[in-house]
Amino acid sequence: MDIEISTPALLFPAISLLLLAYTNRFLTTGQLIRALSSQARKDGIREFKGQIANLKKRLELTKWMQFFGVVSILLCTISMFCLFLGFYDIGKKIFGLSLITMCISLGISLWEVYISSNALDLELKDLTDKCN
């Protein structure tokens, strides 16, 4: 199967949108941490230990999502350059690595979504308990 320079180029729009989504997650997590920090200064830190651990984990996962997403686009670019220069075998292998790193990034993203969903479920449970 022949691979053309346009094949890796197909990933560019998807990767850039994905990195934008990752950046938004990072910014949202940062806002949550700042708000929690402000509230903890007022109310005491003990009440927020679970939330702090959750936010630390989410921040770490977001860092790795972004890392593998950026590596993916870098490898994709190198792949296109290799294909442009006529190094088809190397270009195909690097493109394969780009796809693998993108899959890793997406897997980590899925994990982070799961963790943040669980955190929101806990918040809703606490809110429900206070309303009853």
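Clustering ILVMFWY residues whenever any of their side-chain heavy atoms sit less than 4.5 angstrom apart, transitively, puts Leu74 in the very cluster that holds Leu106. Clustering ILVMFWY residues whenever any of their side-chain heavy atoms sit less than 4.5 angstrom apart, transitively, puts Leu110 in a cluster other than the one holding Met102. When hydrophobic clusters are built by joining Ile, Leu, Val, Met, Phe, Trp and Tyr residues whose side-chain heavy atoms come closer than 4.5 Å, directly or via intermediates, Leu85 is grouped together with Ile90. Ile94 and Phe87 fall within a single hydrophobic cluster, where Ile, Leu, Val, Met, Phe, Trp and Tyr are joined by side-chain heavy atoms under 4.5 Å apart, directly or via other members.
In this structure, Ser79 and Gly91 approach most closely via the heavy-atom pair OG-O, 2.8 Å.
Rounded to the nearest 0.5 angstrom, Leu55 CG and Thr28 OG1 are separated by 11.0 Å. With rounding to the nearest 0.5 angstrom, the CG atom of Asn54 is 11.0 Å from the CG atom of Leu59. Distance SG/Cys82 to NZ/Lys92: 13.0 Å, rounded to 0.5 Å.
Distance alone, capped at 3.5 Å, is enough to place a donor-acceptor pair between the Ser105 side chain and the Met65 backbone. Thr101 contributes a side-chain N or O that, together with a main-chain N or O of Leu97, makes up a donor-acceptor pair within less than 3.5 Å.
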>> I'd like to know whether Glu60 forms a salt bridge (Lys or Arg N to Asp or Glu O under 4.0 Å) with Lys57, so could you lay out the CA-CA distance, the side-chain angles of the two residues, the decisive distance to 0.1 Å, and finally the verdict.
In response: CA-CA 5 Å; Glu60 185 70 17; Lys57 184 66 173 176; over 6 Å; no

> Between Phe95 and Leu75, is a side chain to side chain contact (heavy atoms under 4.5 Å, CB included) present by the stated rule, with each step listed?
Replying inline: CA-CA 7 Å; Phe95 181 60; Leu75 290 172; over 6 Å; no

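Partners of Glu112 under the side-chain hydrogen bond (donor to acceptor under 3.5 Å, both in side chains) rule, at least two apart in sequence or in another chain, are Arg25, Arg58.
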Pairs under 3.5 angstrom only: tabulate donor-acceptor contacts from the side chains of residues 66-73 to other protein residues two or more places apart or in another chain.
| residue | atom | partner | partner atom | Å |
| --- | --- | --- | --- | --- |
| Ser72 | OG | Ser98 | O | 3.0 |
| Ser72 | OG | Ser98 | OG | 3.3 |

